[in-house]
Amino acid sequence: MEVRTRFAPSPTGFMHLGGVRTALYAFLYARKNGGKFILRIEDTDQERYVEGATEVIYDTLKACGMQWDEGPDVGGDYGPYIQSERKDIYLPYAEELIRKGKAYYCFCTKEELDERRRAAESRGETFKYDKHCLYLSADEVRKRLDAGMPYVIRQNAPTEGESSYHDMVFGDISMPNDTLDDMVLIKQDGMPTYNFANVIDDHLMGITHVIRGMEYLSSTPKYDLLYEAFGWDIPKYIHLPTVMRDASHKLSKRDGDAYYSDFISKGYLTEALINYLALVGWNPGDDREFFTMDELIEAFDVKGINKAPGIFDVNKLTWFNAHYIRELPFEKYLGMVTPWFDSVFDGMENKPDYRRLAELMQGRTEVFGLVPGMVSFLRYMPEYGDDLYFNKKMKTSPETAGPTLEMVRPVLEGIDDWKEDVIHDRVMEKIAESGMKNGAVLWPLRIAISGLANTPGGAFEIAYLLGKEETLRRLDAAVARLKKA
RNA sequence: GCCUCCAUUGUCUAGUGGCCUAGGACACCGCCCUCUCAAGGCGGAAACAUGGGUUCGAAUCCCAUUGGAGGUGCCA
């Protein structure tokens, strides 16, 4: 039988990284098994409707390289793929359940239920609907229905015995039936709840493997009861461990910065995000770290999925990101880094040589968002202290720096062809002539023109990028300052 | 509270009774390279939550405790 998995997000307007990982595993499982990956939009909560939210889902999945085989925009044989457009499908099924005694009309109002819930909670008990409306006579139900009284339809769950099911990650799970609450299937507004629509749609769409977060672990027995009542095949379950922000907090929307788009705008690469996310909660069974999407498909196996929640580690993500940036073809990197350069150099008369700067920056870029901070010294001379001239190994100090700089200055001034190799050769000649160590000259020179302990590239590169005029200007300023001190 | 699930270094993980004096990766520290930083190379510190069993033998199996997560919505 063909494997069919689905990703069924609710359109909130953002794609959460936990959601991206869930989608990824569902996608990988389908591809690995030569099956179909289906996208279904779960928008049964009308109050949460967000304009443009489905586009965010489409765009993110596409950017990540997870093309769905069936879905709202691409169609398929089991549409529509947006639950609000399937509204009329669900009620007949709920009525069938009522006929079978597996569900019932409930006229209790939300307000009184809320009150009872609060009361139960204050007593330290778990609130459970008492099946009050199940015991209404058929006549009474008819009467209320005819009178147009608002109602919901509830599942009639057993109260005795035990329910169990098998999960491909967590194994066998069982729970006492008396903990099963009679969940609402059809809401007062006529829309199905997630709990109901999910079961109906998964069945109607031929989903063979339900891959979702482990927050559904304890409600799954209730879903199985529904499948059984209809006489439908129960899908295989693959529940995924949660992605955590830290040991005790889920990576949630409320924490901020947990959205795919946040990471992209900070300058993370999709490839890095996918590669990293795949490895939170799953391992390939060997020591490999780097995977393309195709390699992930090839290596993916449910056996490698862990049960324990995993903490999202930005450090490691950043390491992956730096790796992928280094691997970028240079032209691609140049194109990507240019807007970040522009954010610093726009409006500048003599902008640094972007191409050269990019060459120096590519191996040093962990996240694109950090680039401006690393190159802004080329436009604005930073404030710095003279102690930067101290370098133990080179035996340099503010005292030795002055004369050294004055020695180099005329050499630089004499260069008409301001190219990196020319600067290099002339200065090195002078150093050789002076008998000093390379570093003893280059260290103070770099400090004088950059004002920074660390720079992308050394003295020659910085001097070249700055241009002759600015280099000499900064050099003079440094000399003057050292003399004063 | 009740129900379900989980538990190897700071983090992601390998490990399915002897191959474990517990392996890899990130981060961290040191050294090398080097005009700085980064990259790269080499090395270091760092874990089987606790207590009971079972067994000739336990990170691996069982139980309890502790800790954590999830559920307990007319949200999904």
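In what follows, every chain begins at residue 1, and chains take the letters A, B, ... in the order their sequences are listed. In this text the structure is predicted, and so the values were computed from the model without any measurement.
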Query raised in the report: Tell me, which pairs form a ring pair (Phe, Tyr, Trp, His ring centres under 6.0 Å) where one or both residues lie in residues 165-186 of chain A, sequence neighbours left out?
Result: A/Y165-A/Y237
Value in whole Å for how far the [atom2] atom of [N] lies from [atom1] of [X]:
X	N	atom1	atom2	result
A/R212	B/G70	CZ	P	17 Å
A/D313	B/A27	CG	P	9 Å
A/N306	B/U13	CG	P	5 Å
A/M214	B/G68	CE	P	15 Å
A/I305	B/U16	CD1	C1'	17 Å
A/K303	B/A14	NZ	P	14 Å
A/L279	B/C26	CG	C1'	11 Å
A/F312	B/A69	CZ	C1'	19 Å

Query raised in the report: CD of A/E406: more than 12 outside heavy atoms within 6.0 angstrom?
Result: yes
Sidechain N-carboxylate O distance under 4.0 Å for [X], [Y]:
X	Y	value
A/R117	A/E121	no
A/E85	A/K87	no
A/R355	A/D353	no
A/E115	A/R118	no

Tell me which nucleotide, if any, is Watson-Crick or G-U wobble paired with [N] when both distances must be under 3.5 Å.
N	result
B/A49	B/U65
B/C26	B/G10
B/G18	B/C56
B/U72	B/G1
B/C31	B/G41

Requested in this report: Could you tell me whether the side chains of A/Y223 and A/N195 share a donor-acceptor contact shorter than 3.5 Å?
Outcome: yes
Report task. Verify the distance criterion only: is there a donor paired with an acceptor across the side chains of A/R212 and A/T22 at less than 3.5 Å? Result -> no
Report task. Kindly indicate, with the supporting measurements, whether the criterion side chain to side chain donor-acceptor pair (under 3.5 Å) is fulfilled by A/D313 and A/Y276. Result -> CA-CA 9 Å; A/D313 182 6; A/Y276 173 66; 5.3 Å; no
Expressed as a whole number of Å, how far does the [atom1] atom of [N] sit from that of [M]?
N	M	atom1	value
B/A45	B/U11	C1'	16 Å
B/C5	B/G44	C1'	38 Å
B/A22	B/G15	C1'	8 Å
B/A46	B/G53	P	30 Å
B/G68	B/C12	P	16 Å
B/C33	B/A39	C1'	11 Å
B/G67	B/A76	P	34 Å
B/C61	B/U4	C1'	22 Å

**Report entry** Of the listed nucleotides B/C6, B/C12, B/C3, the one nearest the side chain of A/I311
**Finding:** B/C12
Pair up each side-chain donor or acceptor in residues 176-185 of chain A with any protein partner under 3.5 Å, not counting sequence neighbours, and list the distances.
residue: A/N177; atom: OD1; partner: A/S163; partner atom: N; Å: 3.2
residue: A/N177; atom: OD1; partner: A/S163; partner atom: OG; Å: 2.5
residue: A/N177; atom: ND2; partner: A/E160; partner atom: O; Å: 2.7
residue: A/T179; atom: OG1; partner: A/P176; partner atom: O; Å: 2.7
residue: A/D181; atom: OD1; partner: A/Y129; partner atom: N; Å: 2.8
residue: A/D182; atom: OD1; partner: A/K131; partner atom: NZ; Å: 3.1
residue: A/D182; atom: OD1; partner: A/A157; partner atom: N; Å: 2.9
residue: A/D182; atom: OD2; partner: A/Y104; partner atom: OH; Å: 2.6
residue: A/D182; atom: OD2; partner: A/K131; partner atom: NZ; Å: 2.9

For nucleotides 59-67 of chain B, which of its nitrogen or oxygen atoms have a protein nitrogen or oxygen under 3.5 Å away, and what is each distance?
none

Requested in this report: Look at A/N315 and B/U11 and indicate whether a side-chain polar atom (N or O) is within less than 4.0 Å of OP1 or OP2.
Outcome: no
Query raised in the report: Nucleotide by nucleotide, 5' to 3', does protein get under 4.0 Å of the base (B), only the sugar-phosphate (S), or neither (-) in nucleotides 71-76 of chain B, counting heavy atoms?
Result: SBSBBB
Report task. Summarise protein proximity over nucleotides 29-38 of chain B in one line of letters, 5' to 3': B for base, S for sugar-phosphate only, - for none, counting protein heavy atoms closer than 4.0 Å. Result -> -----BBBBS
Query raised in the report: Between A/A308 and A/W319, who's closer to the 5' end of RNA chain B by nearest nucleotide?
Result: A/A308
Query raised in the report: Under 4.0 angstrom, heavy atoms only, what part of the nucleic acid is A/P241 near: base, sugar-phosphate, or nothing?
Result: nothing
Requested in this report: For A/T318, answer base if it contacts any base atom (sugar-phosphate contacts may also be present), sugar-phosphate if it contacts only those atoms, and nothing otherwise; contact means non-hydrogen atoms under 4.0 Å.
Outcome: nothing
Requested in this report: Using the six-membered ring of A/F290, assess whether NZ or CZ of A/R288 lies under 6.0 Å from its centre and within 45 degrees of the ring axis.
Outcome: no
Query raised in the report: Does the ring of A/Y268 carry A/K266 above it, NZ/CZ under 6.0 angstrom from centre and within 45° of its axis?
Result: no
Requested in this report: Compute the centroid of each ring, for A/F263 and then for A/F312, and state whether the two points are separated by less than 6.0 Å.
Outcome: yes
Report task. Just grab all the salt bridge (charged side-chain N to carboxylate O under 4.0 Å, His left out) pairs involving residues 357-380 of chain A, residues at least two apart or on different chains. Result -> A/R356-A/E359
Report task. Look at the side chain of A/K316 against the base of B/A25 and say whether a donor-acceptor pair falls under 3.5 Å; ignore hydrogens and angles. Result -> yes
